[in-house]
Amino acid sequence: MAGTDHDVLCIGNAIVDVIARVSDDFVARHGLVKGSMTLIDESRAEQLYADMGQAIEVSGGSAANTAAGLASLGSRAAYFGKVKDDQLGAIFRHDMRAQGVSFDTHPAQEGPATARSFILVTPDGERTMNTYLGACVNFTTADVDRSAVEAALVTYMEGYLWDRPEAKDAFKLASRMARAAGRKTALTLSDSFCVERHRDSFLDLIRTGIDIVFANEAEIKSLSQAAVFDDAVKMIAQLCPISVITRSEKGCVIVSAQGVHESPAHPVSRVVDVTGAGDLFAAGFLHGFTSGRPLHDRARLGSLAAAEVISHVGARPEINLRDHGRALGLL
């Protein structure tokens, strides 16, 4: 659209995924709980990294996955996230830009190292995750580029970044800037535990500064404290102009001024890895939203992108989603 530099600006935790195949002995030797996700400190991260063999290192993080999906669909995507000026920070920056995402947040020159999530895959296919949050949690108001926010049709924010007061202030600032410029704002609730930690402040943010909310069924129930899904839908309808609720194989429900719209999931022959499904659904929906497509097309594009990412290991599309959508007559 005229007058904009980007369709969607995504803000979130900048994390490098380090994926390595390891033996069961490696897991036992390091005292890891197989199949779990554990937060670790920097020294533990360095210890694991030094002992593991060859690994694949790729940019990750929820909102970064959404930005990558948007770029694959043909949207003009930008990203704000904090890395350090180190090896993994350089990998993250290069990887995002190589996927067609504009990423210009200044790297930290000191302080914690770039965040990384070690995804250790044992011979049985089980994944054991150890995550060091590092530099990504030090995103502050100083990292919010007013011109980029004002020039994006939608600013999309990741709930995972809400844990630190400095990041919370950055979110609020970006939301105010976007709305003052006549742009739209979006929030993904990230996970139900995140919602439980921040329910009151999430509700306040949604009520006063968010145009589109993304959530899954568990997250929206947690936000509303409703035991019944329909009651959660009624609650969110009063708070936000558009709410997009994913329900796995049941598809999604979109709540807006047009009413409650249900859309089926895109068919997938085999579910391999659900990591990133919500991130890519948001990418498809936002691509449809910013390109002026009707509600049902936005839902179908979201389901298409989610279906592609759950058909393989990893949280980024392995094919060009724009070409895929065109082949199916959706783009």
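Quick caveat, the model's predicted, so the values are computed rather than measured. Numbers for residues simply follow the sequence, beginning at 1.
Using the six-membered ring where Trp is involved, His261 and His296 have ring planes that are tilted, between 30° and 60° apart. Ring geometry, His198 versus Trp162: the interplanar angle exceeds 60°, so the pair is classed perpendicular (tilted spans 30 to 60°). Ring planes of Phe285 and Phe281: parallel class, angle under 30° (limits at 30 and 60°).
A salt bridge links Arg116 with Glu46: the closest approach of a Lys/Arg side-chain nitrogen to an acidic carboxylate oxygen falls below 4.0 angstrom. In summary, Asp211 and Arg183 do not engage in a salt bridge, as defined by a charged side-chain N under 4.0 Å from a carboxylate O. Under the 4.0 Å criterion applied to side-chain N and carboxylate O atoms, Lys168 and Asp163 are not assigned as salt-bridge partners. Between Asp143 and Lys82 a salt bridge is recorded (basic side-chain N to carboxylate O distance below 4.0 Å). A salt bridge links Asp104 and Arg97; the closest N-O separation between the charged side-chain nitrogens and carboxylate oxygens is under 4.0 Å. Salt-bridge formation is detected for the pair Asp124/Lys34: a Lys NZ or Arg NE/NH1/NH2 atom is positioned less than 4.0 Å from an Asp or Glu carboxylate oxygen. The pair Lys221-Asp231 does not count as a salt bridge, with every side-chain nitrogen at least 4.0 angstrom from each carboxylate oxygen.
Put simply, the side chain of Arg93 gets close to the backbone of Phe103: a donor and an acceptor are under 3.5 Å apart. Formation of a donor-acceptor pair under 3.5 Å by the Ser224 side chain with backbone atoms of Ile220 is found in this model.
Using a 3.5 Å distance cut-off with no hydrogens or angles, the side chains of Arg316 and Ser59 do pair a donor with an acceptor. Side-chain contact, His287 with Asp7: no donor N or O sits under 3.5 Å from an acceptor N or O. Remark: the Asp169 side chain and the Thr141 side chain contain no N/O donor-acceptor pair separated by less than 3.5 Å.
Atoms OG and CG, from Ser243 and Leu223 in turn, are 9.0 Å apart once rounded to the nearest 0.5 Å. With rounding to the nearest 0.5 Å, the separation of CG in Leu48 from CZ in Phe118 is 6.0 Å. Going from atom CD1 of Ile210 over to atom CZ of Phe171 covers 8.5 Å, rounded to the nearest 0.5 Å. Considering CD1 of Ile242 and NZ of Lys184, their distance stands at 7.5 Å, rounded to 0.5 Å. Of the inter-residue distances, the one linking Thr122 atom OG1 with Phe26 atom CZ reads 11.5 Å to the nearest 0.5 angstrom.
At most 12 non-hydrogen atoms from other residues, nucleotides or ligands lie less than 6.0 angstrom from NE2 of His94. With a 6.0 Å radius and a threshold of 12 heavy atoms from other residues, nucleotides or ligands, Lys234 has its NZ atom at or below the threshold. Within a 6.0 Å radius of CG in Leu328, more than 12 heavy atoms belonging to other residues, nucleotides or ligands are found. Around CZ of Arg298, the count of heavy atoms belonging to other residues, nucleotides or ligands within 6.0 Å exceeds 12.
Centroid-to-centroid, the aromatic rings of Phe92 and Tyr79 come within less than 6.0 Å.
Met129 and Ile15 fall within the same hydrophobic cluster, where Ile, Leu, Val, Met, Phe, Trp and Tyr residues are linked whenever their side-chain heavy atoms come under 4.5 Å apart, directly or through other members.
Figure legend: Arg247 and Phe229 shown as a cation-pi pair, the cationic atom lying under 6.0 angstrom from the six-membered ring centre and within 45 degrees of its axis.
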